[in-house]
Number of protein chains: 2
Amino acid sequence: MSHYNDPFRGEFDSLEEFADRVSDVLRCPVTIEDANHRLIAYSAHDDHTDPARTATIISRRVPEKVINSLWKQGAIPALLKSREPVRVPPIEGVGLGSRVAVSIWKNDEVIGFIWVLETNRTLSPEEMEWLKLAAKAAKNKVLQLYMRKNKKEERVQELFWKLLTSHIATEDEIRAHLAAVQITAAPQFAVVVFRFAADLTTEMERQISYLLQTTQQLPLLLYTTDRRNVILLAAPKTDQPLKELNEFIESFSAKMKERFHIHDVQSGFGGVYESYRLIEKSYREALAVLALKEKFGNEIKTVYGYAQLGIYQFFDFLLEKKRQGEWANPALAKLHIYDKKHHSDLVKTFETFFDHNENVQETADALNIHPNTLAYRLKRIADIAELDLNDMNQKIKLYIDIKLAKYEAHS
Amino acid sequence: MSHYNDPFRGEFDSLEEFADRVSDVLRCPVTIEDANHRLIAYSAHDDHTDPARTATIISRRVPEKVINSLWKQGAIPALLKSREPVRVPPIEGVGLGSRVAVSIWKNDEVIGFIWVLETNRTLSPEEMEWLKLAAKAAKNKVLQLYMRKNKKEERVQELFWKLLTSHIATEDEIRAHLAAVQITAAPQFAVVVFRFAADLTTEMERQISYLLQTTQQLPLLLYTTDRRNVILLAAPKTDQPLKELNEFIESFSAKMKERFHIHDVQSGFGGVYESYRLIEKSYREALAVLALKEKFGNEIKTVYGYAQLGIYQFFDFLLEKKRQGEWANPALAKLHIYDKKHHSDLVKTFETFFDHNENVQETADALNIHPNTLAYRLKRIADIAELDLNDMNQKIKLYIDIKLAKYEAHS
DNA sequence: ACAGTTTTTGTGGATTTTCACAAATTAACT
DNA sequence: AGTTAATTTGTGAAAATCCACAAAAACTGT
């Protein structure tokens with residue numbers, strides 16, 4: 001054959017044509033993905049394929065569980081590290097047959113992958129070398145796409161910032177803008193913010209972007225970054241949006257940790273709304289969650305949503321009032337005095353009791369005391385603070401005042 | 001004897017001398033009280049007496065339980081109605097021996113009483129007539145006292161208003177003023193306000209004044225009225241001031257009802273403070289309780305103290321925020337929508353559950369449903385509102401929002 | 001140091017609560 | 001009218017709570 005030296009030299013009209021050429025040379029089905037595992041092109045002449053490939057082509061992206069297993073199995077980390085082709089043995093659970101992959105590089109950045117399915121044959125070492133050549137040849141084509149997308153990204157980000165700052169007034173205008181950048185309107189959405197320990201580096205941005213692009217738990221309409229923050233417009237699909245968002249955040253944090261060893265990510269999301277004019281509100285609420293997390297690290301560690309902040313939502317207001325002097329809780333004052341005088345822990349006890357949903361057993365465990373001791377202390381609290389433990393009202397007030405005092409101390 | 005016609009004609013230097021004279025004539029111990037059962041004078045030459053009289057002389061007023069039993073037994077109502085002497089048979093429980101009493105009148109108002117103890121003898125009908133003459137003779141002397149006291153009352157009331165409106169700036173000044181009108185400073189106090197259905201009549205004022213004067217549960221430092229309101233400065237003695245104040249109010253209301261058939265009295269008291277400069281604050285708080293009672297009749301029917309208002313304390317403030325638009329509870333909104341669509345009662349259920357201190361049994365009874373039904377509904381609420389029932393925070397927030405919506409509706 | 005008080009822990013049994021599951025009832029929709 | 005889904009009620013067993021009482025431990029003040 002005439003292409004022993006470089007079978008992929010020459011011009012190709014499209015990446016599809018290129019994919020077909022690679023497929024012809026290697027006599028296997030081929031798919032080309034961008035750095036975020038979005039399908040760019042695939043060879044068309046193949047009869048044999050596997051479920052993973054089919055699903056990828058149908059949805060125009062690699063299914064998340066396939067990506068996950070490729071991470072676990074080590075293929076993706078290897079591809080990101082080296083320009084050498086990598087062979088992936090079959091993975092049963094996710095419908096993945098044996099395949100070989102190589103990454104496409106631009107300078108020292110991976111901008112895509114070529115996958116070759118080893119249907120009823122195995123690539124020879126020589127063919128592996130050809131695959132490397134294919135990756136080099138693909139570079140320019142993929143890069144064009146990448147650039148085009150980047151330009152669009154910029155326009156989209158600009159739009160997002162306008163929404164986050166309420167710079168577009170009417171619902172209709174917003175819809176028009178979204179349509180213009182090919183973002184389909186969603187029935188409900190919320191703004192999610194991830195905050196990192198330090199300003200984001202380009203490297204981190206790439207990793208984050210990668211994670212987000214490959215997430216399919218939750219449709220993400222818009223994305224931007226700002227110093228330490230990553231800001232998203234997420235569109236939950238079900239009627240349990242909070243659950244979706246929580247799971248998304250948990251899984252995002254987990255993946256940041258296990259794949260990129262980035263631990264200290266704080267997360268928050270605002271209210272789930274249906275009108276696009278409330279994007280700014282949702283954004284402010286997401287920021288409020290993050291602000292509160294800095295003050296109340298422990299109490300709301302597992303809370304990400306503004307809606308789940310509960311009473312903390314209005315602590316800013318209350319603190320303001322308190323600072324104006326129009327606030328006092330003689331009952332709490334009495335308890336504090338008692339605690340000081342007798343080196344006891346009545347306030348802490350009450351607080352913990354409520355933190356644990358008034359559950360006696362749990363609270364006793366948390367405080368390392370006997371359940372009877374807890375009962376005794378509560379009775380003592382009722383006496384000293386003249387608090388009726390059967391009156392939820394009064395209990396709530398005391399609880400709020402305890403937390404508010406903490407909040408004040410941190411401010 | 002020379003005094004067959006009127007043994008009490010002539011001048012007496014003091015009421016003590018007069019009491020001795022009556023005692024001589026009737027050969028019995030005699031005590032003279034003002035309209036509020038405060039001791040004015042008593043005969044000194046007697047050997048025989050009973051525990052009630054002793055207690056009266058020691059504390060310079062008739063013990064409250066004695067007054068109570070005299071009301072129950074009917075003697076006091078009779079004395080207030082007629083100028084005729086009344087015989088009171090012995091009342092064992094309160095140490096009261098047999099005695100005869102007559103009221104002292106000025107125009108058509110009772111300004112005092114003369115009590116004659118029938119120690120080892122019984123007054124004859126003729127002696128009863130003499131007693132009537134004694135009552136007439138006592139009138140002027142008692143009246144002088146009464147007038148003197150009224151003038152003082154006016155000065156005191158003026159001072160009270162100054163305190164209620166924070167017109168005296170420093171603690172020291174206040175103490176000086178109080179000392180000037182012979183009111184001993186108390187370590188703690190609170191302002192109590194009773195509010196009647198209509199403006200107070202002179203008649204009612206007298207009755208109220210009477211009740212308050214005869215109360216010994218709680219020292220009352222100052223007293224004044226204002227249209228529908230009776231305002232008091234009460235000084236609880238124990239370290240359970242709220243309990244004292246509550247009991248005082250309950251007993252006052254009960255007595256207004258049973259003795260004068262005045263039913264619709266609303267009551268409130270402010271915070272218990274130690275600094276006199278906070279009288280105004282306590283007063284404002286007492287008024288706040290009354291204002292809230294008008295809006296939240298049912299929920300806080302048995303609450304009188306500002307401290308026991310719990311979360312309602314800051315509802316004004318929250319409502320303000322809510323009206324500014326910075327407030328929403330999507331969870332509650334969802335529940336309302338669901339209720340409307342399915343003719344259910346989830347919101348009411350949750351509210352009642354918290355009103356009953358999260359007690360399943362009580363709540364089920366209150367709603368007339370099976371406890372399991374309640375459990376089912378709560379689970380439903382958790383699903384629909386995406387509420388974590390183990391998170392006190394979120395529950396509290398929902399509860400507050402439910403009550404706040406009610407509050408808003410009433411405003 | 002010691003008498004008195006307050007606090008903590010232990011014990012056992014009556015009472016409630018919780019939970020899962022099933023049956024019965026009611027509401028909703030075609 | 002009939003079918004499905006949602007709600008309510010019933011049952012029983014395991015778990016938790018409540019309560020009263022008592023012993024032990026810790027703390028207080030002189």
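Per chain, numbering begins at 1; letters A, B, ... match sequence-line order.
Residue pairs meeting the salt bridge (Lys or Arg N to Asp or Glu O under 4.0 Å) criterion with at least one member in residues 387-402 of chain B, sequence neighbours excluded, are B:E358-B:K395, B:K397-B:D401. Residue pairs that meet the ring pair (Phe, Tyr, Trp, His ring centres under 6.0 Å) test with at least one member in residues 377-409 of chain A, sequence neighbours left out, are A:F296-A:Y407, A:F315-A:Y407, A:F354-A:Y399. Residue pairs meeting the side-chain hydrogen bond (donor to acceptor under 3.5 Å, both in side chains) criterion with at least one partner in residues 331-341 of chain A, sequence neighbours excluded, are A:Y338-A:R380, A:D339-A:S344.
Atom CG in B:D345 sits roughly 12 Å away from atom P in D:dT7 (whole-Å rounding). In this entry the distance linking CG of B:N368 with C1' of D:dT9 reads 14 Å, nearest Å. Taking atom CG on B:L374 and atom P on D:dT9, their separation rounds to 11 Å, with Å as the unit. Rounded to an integer number of Å, the gap from A:L367 CG to C:dT9 C1' is 15 Å. Atom-to-atom, CG of B:L346 to C1' of D:dT8 comes out at 13 Å; the value is rounded to the nearest Å.
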Would you list the atom pairs, donor with acceptor, under 3.5 Å between side chains in residues 240-249 of chain A and any protein atom, with sequence neighbours excluded?
unit_1 : atom_1 : unit_2 : atom_2 : d
A:Q240 : NE2    : B:D383 : O      : 3.3
A:E244 : OE1    : A:K237 : N      : 3.0
A:E244 : OE2    : A:K237 : N      : 3.0
A:E244 : OE2    : A:T238 : N      : 2.7
A:E244 : OE2    : A:T238 : OG1    : 2.6
A:N246 : ND2    : A:L242 : O      : 3.3
A:N246 : ND2    : A:Q308 : OE1    : 3.4

Side-chain donor/acceptor pairs under 3.5 Å, residues 371-378 of chain A, sequence neighbours excluded:
unit_1 : atom_1 : unit_2 : atom_2 : d
A:R377 : NH1    : A:T349 : OG1    : 2.9

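Of the residues in residues 357-365 of chain A, A:N359, A:V360, A:Q361 come within less than 4.0 Å of DNA chain D through at least one heavy atom, sorted by number. For the segment residues 378-395 of chain A, no residue has any heavy atom less than 4.0 angstrom from an atom of DNA chain D.
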B:Q361/B:D365 under side chain to side chain contact (heavy atoms under 4.5 Å, CB included): CA gap, chis, key distance, verdict: CA-CA 6 Å; B:Q361 194 69 22; B:D365 289 349; 4.3 Å; yes

Let me see the working for B:Y273 and B:E285 under side chain to side chain contact (heavy atoms under 4.5 Å, CB included), right down to the final yes or no. CA-CA 12 Å; B:Y273 299 112; B:E285 290 172 347; 2.8 Å; yes

Taking N or O atoms only and anything under 3.5 Å, show me the protein contacts with nucleotides 10-12 of chain D, one pair per line.
unit_1 : atom_1 : unit_2 : atom_2 : d
D:dG10 : N7     : B:N372 : ND2    : 3.2
D:dG10 : O6     : B:N372 : ND2    : 2.7
D:dT11 : O4     : B:N372 : ND2    : 2.9

Protein-nucleotides 22-27 of chain C N/O pairs closer than 3.5 Å?
none

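In this structure, the side-chain contact (heavy atoms from CB on, under 4.5 Å) partners of A:A331, at least two apart in sequence or on a different chain, are A:N329, A:A385. Under the side-chain contact (heavy atoms from CB on, under 4.5 Å) criterion, A:K72 pairs with no residue, sequence neighbours left out. In this view, A:A186 and A:L221, A:A235, A:Y276 satisfy the side-chain contact (heavy atoms from CB on, under 4.5 Å) rule, not counting sequence neighbours.
At least one side-chain heavy atom of B:N298 sits under 4.5 Å from a side-chain heavy atom of B:K301. Counting heavy atoms from C-beta on, the side chains of B:K257 and B:S253 never come closer than 4.5 Å.
Taking CG from B:L318 and CD1 from B:I311, the interatomic distance works out to 9.0 Å, rounded to the nearest 0.5 Å.
Listed candidates were C:dT7, C:dT8, D:dT8. Nearest to the side chain of B:Y376 is D:dT8.
When the side-chain nitrogen and oxygen atoms of B:R377 are compared with OP1 and OP2 of D:dT8, one or more of them lie within a distance under 4.0 Å. The side chain of B:T373 contributes an N or O atom lying less than 4.0 Å from OP1 or OP2 of D:dT9.
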